[in-house]
Amino acid sequence: MPMEHDLEALRRARAEDWRKAVAPYVRDMARSGFPSFVVLAVLVALSSYTAFLEEVPPDFPTAAVGTALMALLLVRSPLRTYLRPADAVFLMPREHEMRRYMKAAWRNGYVAGSALLLAAWLLFAPLYGKSGAPTGAAALIPVLLALKALEDAGAWQERRMARGYARLLCRLLRAALTVAAVYALLVQPLLAALGFAAAAAALQAAVCRLPVRHRFPWQRLFDEEAETRRRYERFFRSFTDIPAEGAAPARRPYLAWIAGYIGHGRDHTYLLLYTLTLVRTDLGGMLIRLTAVGGLAGAVVGKAGVLAGWAGAMIAWLFALAAGVQAGTVRDAHRHTVWRHLYPLPEAGRRRAALRVATVAHFACAAPLGLAAGLPAAFAGHWVPAAAALAGCLTLVPAMALRLRRSLARETTGD
């Protein structure tokens, strides 16, 4: 194989190996009914959005919503490299050739990000058109695609930065400038907005040149690849039992104090273990993000009065259901660890602790979701959907607990 092509072939082979590895889990996910649930949720969301477009409130913050949506998709620039720590030995001597390896990763990341950006823009365009914007929605498409390319280039420069604080500051600056540029594009004439966006891009490029940078960010790419694999692992574990890649613990001092209220006796061993597992692993972060995003979406839609407040309630139910499914995956932690067979701890205690931790975590997510969607609807006079939002979210907690109890019972029979 020619020298100039072997790195490209290596990445293609790794991508193909990854697809083959996850194919069985994709089939298990498809058989679970989750795709049908997603299709139903999308249809409900589109129906609610269509009804909302027919009667858009005159004070609806169209520019703010569009800025938040577009800026989020622009700033986010994931990169799939399939690099592993062992590559520090085998590929680092060829660092000067790694551009050929990364070429497909950059291209695929841009294409996927642009496709998602365009899909979101096409959904937002009807609402944008009703706001009396100075620029047509079609005219902004090439601008958004160019901004996406600049954002990906900025994200790559951030990955190269040697200091974590410099990377964080540059990312915050990029996010702030992106928000300002997108808002200008939505509310200002096109030429003036383009001038501002160009100035923002030049400022970001100048700032990114100041910190010390690596020629190639090996460790950063290793960490991102590991995090991506963990995210897939968490998702597929909701539908089947898969080998664990290992988790990177998070401190989360704003949640870790909870473990201090659990006794350290033998009877509380599993309860303490599962609580810390939930708090300090990616599962806890996922539940926090689900609650935050679902609460914000439910509050915005509930305040807008879409479908007389029922759209906000449905959003709260969907996110509460997703939170319950994710919280239940805590049962898979430590299920296959060797130390369980070395220490004299009752197996029934492990199942009870997993059920208890999952149920409490689900309640901690469901209650804020119901309140976030219900309170704005109640203030708007929609009392029935407001009560239904909270009641539906809280009803899901014992329902998901019963489902988890039955699942644990089946696992016991199988073991």
Side-chain angles (χ1 to χ4, degrees), residues 1-23 73-117 145-175 177-178 201-233 243 245-248 282:
M1 182 180 296
M3 179 67 72
E4 62 269 16
H5 297 305
D6 58 351
L7 286 177
E8 301 173 26
L10 175 63
R11 189 190 181 280
R12 286 196 300 270
R14 289 183 173 187
E16 181 63 24
D17 291 343
W18 168 257
R19 287 190 288 269
K20 290 179 180 178
V22 301
L73 296 177
L74 284 167
V75 171
R76 183 176 180 273
S77 299
L79 195 62
R80 192 70 200 274
T81 62
Y82 305 100
L83 291 173
R84 307 304 294 270
D87 292 325
V89 176
F90 297 103
L91 291 182
M92 193 175 288
R94 303 182 61 183
E95 183 176 293
H96 61 286
E97 303 177 66
M98 286 301 293
R99 186 175 183 84
R100 285 196 291 272
Y101 183 95
M102 295 296 300
K103 186 164 52 178
W106 290 327
R107 181 182 63 247
N108 294 344
Y110 176 75
V111 170
S114 298
L116 186 59
L117 181 70
L145 292 177
L147 278 179
K148 184 59 181 172
L150 292 175
E151 294 285 344
D152 286 357
W156 175 250
Q157 296 304 320
E158 291 164 8
R159 289 182 173 96
R160 293 177 59 197
M161 293 177 185
R163 303 293 183 183
Y165 69 85
R167 186 184 310 118
L168 176 60
L169 290 176
C170 285
R171 183 174 299 168
L172 292 175
L173 176 62
R174 180 164 64 92
L177 292 175
T178 301
L203 175 61
Q204 176 68 19
V207 172
C208 284
R209 294 179 64 88
L210 297 177
V212 178
R213 291 174 294 172
H214 297 294
R215 180 177 179 179
F216 191 83
W218 290 100
Q219 189 58 50
R220 185 65 186 168
L221 296 180
F222 293 157
D223 294 341
E224 288 189 10
E225 176 65 21
E227 176 59 27
T228 299
R229 289 173 179 266
R230 285 195 293 268
R231 282 198 296 267
Y232 277 107
E233 175 190 315
E245 280 276 341
D282 295 328

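Start at 1 with the first residue, then count along the sequence.
Remark: Arg14 engages Asp87, Tyr101 in a side-chain hydrogen bond (donor to acceptor under 3.5 Å, both in side chains) (not counting sequence neighbours). Under the side chain to side chain contact (heavy atoms under 4.5 Å, CB included) criterion, Leu116 pairs with Leu73, not counting sequence neighbours. Residues passing the side-chain hydrogen bond (donor to acceptor under 3.5 Å, both in side chains) test with Trp106, sequence neighbours excluded: none. In this view, Arg107 satisfies the side-chain hydrogen bond (donor to acceptor under 3.5 Å, both in side chains) rule with no residue, not counting sequence neighbours. Remark: Ala112 engages no residue in a side chain to side chain contact (heavy atoms under 4.5 Å, CB included) (not counting sequence neighbours). Partners of Asn108 under the side-chain hydrogen bond (donor to acceptor under 3.5 Å, both in side chains) rule, at least two apart in sequence or in another chain, do not exist in this structure. In this structure, the side chain to side chain contact (heavy atoms under 4.5 Å, CB included) partners of Glu95, at least two apart in sequence or on a different chain, are Met92, Arg215, Phe216, Trp218.
No side-chain heavy atom of Thr228 sits less than 4.5 Å from a side-chain heavy atom of Pro78. For the pair Tyr110/Leu145, a side-chain contact is recorded, criterion being any heavy-atom separation below 4.5 Å from C-beta on. Side-chain contact between Phe222 and Arg84 is absent, with no heavy atoms from C-beta onward closer than 4.5 Å. In this structure the side chain of Asp6 never reaches within 4.5 angstrom of the side chain of Arg100, judged on heavy atoms. When side chains are defined from C-beta on, Val207 counts as touching Leu203, because their heavy atoms get closer than 4.5 Å.
Of all heavy-atom pairs between Gln204 and Cys170, the closest is NE2-O, 3.4 Å. The two residues Pro93 and Val89 come nearest to each other via the heavy atoms CD-O, 3.4 Å. The nearest pair of heavy atoms linking Glu225 to Tyr82 is OE1-N, 3.0 Å. Contact between Met98 and Leu83 at its shortest, heavy atoms only, is CE-CD2, 4.3 Å.
No salt bridge links Arg230 with Glu233; every basic N to acidic carboxylate O contact stays at or beyond 4.0 Å. Glu97 and Arg94 are joined by a salt bridge, as a carboxylate oxygen and a charged side-chain nitrogen come within less than 4.0 angstrom of each other.
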Practice task
Determine, stepwise, if the pair Glu227 / Arg231 fulfils salt bridge (charged side-chain N to carboxylate O under 4.0 Å, His left out).
Solution key: CA-CA 6 Å; Glu227 176 59 27; Arg231 282 198 296 267; 3.7 Å; yes

Exercise for the section: Please report the C-alpha distance between Thr178 and Leu147 in whole Å, then the side-chain angles of each, then the deciding distance to 0.1 Å, and finally whether the side-chain contact (heavy atoms from CB on, under 4.5 Å) criterion is met. Expected result: CA-CA 9 Å; Thr178 301; Leu147 278 179; over 6 Å; no

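Ring geometry for Trp18 versus Tyr232: interplanar angle over 60°, hence perpendicular rather than tilted (30 to 60°).
Rounding to the nearest 0.5 Å places CG of Leu91 at 6.5 Å from CG of Leu7.
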Listed pairs under 3.5 Å, donor-acceptor, residues 157-168 side chains, sequence neighbours left out:
from: Gln157; atom 1: OE1; to: Arg160; atom 2: NH1; distance (Å): 3.1
from: Gln157; atom 1: OE1; to: Arg213; atom 2: NH1; distance (Å): 2.6
from: Glu158; atom 1: OE1; to: Arg174; atom 2: NH2; distance (Å): 3.1
from: Glu158; atom 1: OE2; to: Arg174; atom 2: NE; distance (Å): 2.6
from: Arg159; atom 1: NE; to: Glu224; atom 2: OE1; distance (Å): 3.0
from: Arg159; atom 1: NE; to: Glu224; atom 2: OE2; distance (Å): 2.9
from: Arg159; atom 1: NH2; to: Ser77; atom 2: O; distance (Å): 2.6
from: Arg159; atom 1: NH2; to: Glu224; atom 2: OE1; distance (Å): 3.3
from: Arg160; atom 1: NE; to: His214; atom 2: O; distance (Å): 2.9
from: Arg160; atom 1: NH2; to: His214; atom 2: O; distance (Å): 3.3
from: Arg167; atom 1: NE; to: Glu158; atom 2: O; distance (Å): 3.3
from: Arg167; atom 1: NH2; to: Met161; atom 2: O; distance (Å): 2.9

